[in-house]
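To start, the structure under review is shown below, and the notes come after it.
Lettering of chains follows the sequences in order, A, B, ..., and the numbering in each one begins at 1. As a basis for the values below, the full set of heavy atoms in this structure was taken, side chains included, without hydrogen atoms, waters or symmetry mates.
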Number of protein chains: 2
Amino acid sequence: MVSISDVAHEAHVSKMTVSRVINHPEQVSAEIRTDVQRVISQLGYVQNRAGRALANNRHYNIAFILLDDVNEIEPYYAHLLMHLTDSLRNEGYTLEMRHDRNFDLTNVDGFLVCGARHSDFDVLNNLPIPVVIYGTEAGITSVDIDNKAGTYLATQLLINRQYQHLLFLGMAIDEPFETNREAGYRQAMQEAGREPEIHHLPNNEQIALQFLQNNQLSANTGIIAATDRLGLGALRASRHQGLAVPDEVGIVGFDGIYIHQLAEQSLTTVQQPLKEIAEKMVQLLLAELAGEIVTSEYIVPELIHGETTMSKN
Amino acid sequence: MVSISDVAHEAHVSKMTVSRVINHPEQVSAEIRTDVQRVISQLGYVQNRAGRALANNRHYNIAFILLDDVNEIEPYYAHLLMHLTDSLRNEGYTLEMRHDRNFDLTNVDGFLVCGARHSDFDVLNNLPIPVVIYGTEAGITSVDIDNKAGTYLATQLLINRQYQHLLFLGMAIDEPFETNREAGYRQAMQEAGREPEIHHLPNNEQIALQFLQNNQLSANTGIIAATDRLGLGALRASRHQGLAVPDEVGIVGFDGIYIHQLAEQSLTTVQQPLKEIAEKMVQLLLAELAGEIVTSEYIVPELIHGETTMSKN
DNA sequence: TTGTAAGCGTTATCAG
DNA sequence: CTGATAACGCTTACAA
């Protein structure tokens, strides 16, 4: 491996000059700078990050910790991960994949965390390096979608499309993102002077299907589902009951990666803008690393119009 | 950060002794060893990997390069990635996520590559560090499922279940995994004295559905699909045509992560054993790093029985 | 603007 | 079995 000394020697300058050309090019005279750059590319020199890390007490490496159980990993994590990888690389950082609760500080400058539970927040709050989580938790820098705004949009869509009976299919868990999704529905309903109807189910399309089979849907029903899986169950229940989608039943899901595309009819859904989320997470983390004080951010998701809601006219 | 010197000082030994306790404990007397270990945990010392990397000319870091387009990333990559992360960590290595064709050697000891195209193999073959790919390519160490064995199993299943008319839905691409999947079908058919019928389609459930709509299926048909997406299309086509699955039409997919669970009826499928694949990939890469000569490996996939094939009797 | 010296944390080598 | 020394590649601080 060619090192900075090789470059220095070949360019007839000191190691420091080479280092400056790389890190502070403006401090080097134009002539020497181009000369050194030429040698760098001639020799194919690349910085040894271990050396730099040691000298700087920085690793230029961020750990992405995915805490969900392997079997529950939804496909959109793969997309979030790709976007995080790209965003970090743009900033000269590297992404190290993690999958455990050790929160091992070795080799990293910060953490990006996904799927953290309540029990993790205590630990995360007391880490000596910056942390940004995907989700919402007071006291930790986070990026989240505005879940409430998402279901608010979804509910308004179904109202506008003239569905009469609007019900919310929520998840049977006590997490902020669930309560917020429910809140968006409630608010839109209240503003429209409608009476909310809410059911909580495990996040599984089979169970949603069975549940709705036991509760005959009426024609002209709009279903706001807290997830695409629940939306998928609603779609199947409607078909089983002989109700036409979207003419008699309208359905909006939530999450917007993968599942909605695979449904029998493409699902209208509230899409998580993963690229934007990834960029914000990286931006906040690097700002913290630079010593800035940052505040959590919420990103408003977007409605994707599929075949389970009536089109405008 | 507490360093090896702090531990050495506190334990009244030299840095080297601490280093030995960590890397070659058998070279240290039992008494001193336990003493040093106590101090290590008292002080919460963790190795600085940059220092170690510099001294050893090793990084203990492997890049996982996912070359597929973001939009085409199938969910099972997320699972493969998790398993790779776990396997590497077990061996004291770290996984660095990559998503580009730079094949940047900085900071890594080896590459694990997924989704490589023909045009990549030239580069991959001439890298100065070990590479293991997921897939098949002569001249590069690889781990792959035995695609032929998979479709062979699938075809035999449909033969055993007494489906008369057996057709293969392949992908319209010229890649070894496709030809191998086709070959498994061909072989099973030949052994059973049946005439093969093969169609090639883009890997998309909508297109498969349309294609089969234009080619009325007969009752008592068995469909071996080269992917779960194609299998899903076949399932929908059968239902559209009023054919009962699995009684009149039997369907087996291929891949076995996620899609088969979300189908209207759970799809019988040939499952990629991702954990095993990940473990093998890591094992081969580390063996190469250790200077061993290794050969590519093929893993026989497993049939997952769903609701799209008749049960035994 | 450029160079020199020292140090970041670790381990291989060699000496005791 | 244990320790001193030098080295890995790089950058900060200081000197010229």
With a non-hydrogen cut-off below 4.0 angstrom, is N56(B) in contact with a base, only sugar-phosphate, or nothing?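 Contact class for N56(B): sugar-phosphate only.
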Look at all strands and tell whether S29(A) reaches a base, only sugar-phosphate, or nothing, counting heavy atoms closer than 4.0 Å.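 Answer is sugar-phosphate: S29(A) comes under 4.0 Å of backbone atoms only.
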Take the protein atom [atom1] of [X] and the nucleotide atom [atom2] of [N], then report the distance between them rounded to whole Å.
X: I32(A); N: dT2(C); atom1: CD1; atom2: P; answer: 4 Å
X: H12(A); N: dT2(C); atom1: NE2; atom2: C1'; answer: 16 Å
X: H59(A); N: dG9(D); atom1: NE2; atom2: C1'; answer: 14 Å
X: L54(B); N: dC8(D); atom1: CG; atom2: C1'; answer: 4 Å
X: M16(A); N: dA13(D); atom1: CE; atom2: C1'; answer: 9 Å
X: H9(B); N: dG3(D); atom1: NE2; atom2: C1'; answer: 16 Å
X: H24(B); N: dC14(C); atom1: NE2; atom2: C1'; answer: 15 Å
X: Q47(B); N: dC8(D); atom1: CD; atom2: P; answer: 20 Å

Lys/Arg N to Asp/Glu carboxylate O, E276(A) vs K280(A), below 4.0 Å: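 So E276(A) does not pair with K280(A) through a salt bridge.
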Salt bridge check: are E31(A) and R33(A) linked by an N-O gap of less than 4.0 Å?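 Salt bridge flag = no for R33(A) with E31(A).
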Output the single nucleotide from [options] whose closest atom is nearest the side chain of [X].
X: S14(A); options: dT11(D), dT10(C), dT4(C); result: dT4(C)
X: R52(A); options: dC10(D), dA5(C), dT10(C); result: dC10(D)
X: R20(B); options: dT2(D), dG3(D), dT11(C); result: dG3(D)
X: N48(A); options: dT4(C), dC10(D), dG9(C); result: dC10(D)

Decide whether a cation-pi geometry holds between R49(B) and Y60(B); the criteria are a distance under 6.0 Å from NZ or CZ to the six-membered ring centre and an angle within 45° of the ring axis.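 Relative to the ring axis of Y60(B), which defines the angle, R49(B) lies outside at least one limit.
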N61(A) and T94(A): side-chain hydrogen bond (donor to acceptor under 3.5 Å, both in side chains), yes or no, with the steps? CA-CA 5 Å; N61(A) 185 34; T94(A) 252; 4.8 Å; no
Taking the side chain as C-beta and beyond, is there a heavy-atom pair between F64(B) and M97(A) under 4.5 Å?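 No, too far: nothing below the 4.5 Å cut-off.
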Taking OP1 and OP2 of dT11(D), is either one under 4.0 Å from a side-chain nitrogen or oxygen of N23(A)?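 Yes, N23(A) has a side-chain N/O under 4.0 Å of OP1/OP2 on dT11(D).
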Is the shortest side-chain N/O distance from Y45(B) to OP1 or OP2 of dT10(C) below 4.0 Å?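 Affirmative; the distance criterion is met.
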Distance-minimising heavy-atom pair for D104(B) and V108(B):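 Looking at all heavy atoms of both residues, the closest pair is O-CG2, 4.0 Å.
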Exam field: side chain D109(B) to backbone H59(B), donor-acceptor pair closer than 3.5 Å: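 Such a contact is found between D109(B) side chain and H59(B) backbone.
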Report the C-alpha distance between T227(B) and D255(B) in whole Å, list the side-chain angles of each, state the deciding distance to 0.1 Å, and finish with yes or no for side-chain hydrogen bond (donor to acceptor under 3.5 Å, both in side chains). CA-CA 6 Å; T227(B) 69; D255(B) 282 344; 5.6 Å; no
Return whichever of V28(B) or K15(B) has its heavy-atom-nearest nucleotide of DNA chain D closer to the 5' end.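 The residue closer to the strand's 5' end, by nearest nucleotide, is V28(B).
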Return the 5'-most residue of the pair S19(A), A53(B) with respect to DNA chain D, ranking by each residue's nearest nucleotide.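 Between the two, 5'-proximity favours A53(B).
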Axis-to-axis angle between the two ends of the helix from dT1(C)-dA16(D) to dG16(C)-dC1(D) (five base pairs per end, rounded to 10 degrees):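 Between the first-five-pair axis and the last-five-pair axis there is 40°.
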Between R49(B) and T17(A), name the one whose nearest nucleotide on DNA chain C is closer to the 5' end.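 Mapping each residue to its closest nucleotide by heavy atoms, the 5'-most match is T17(A).
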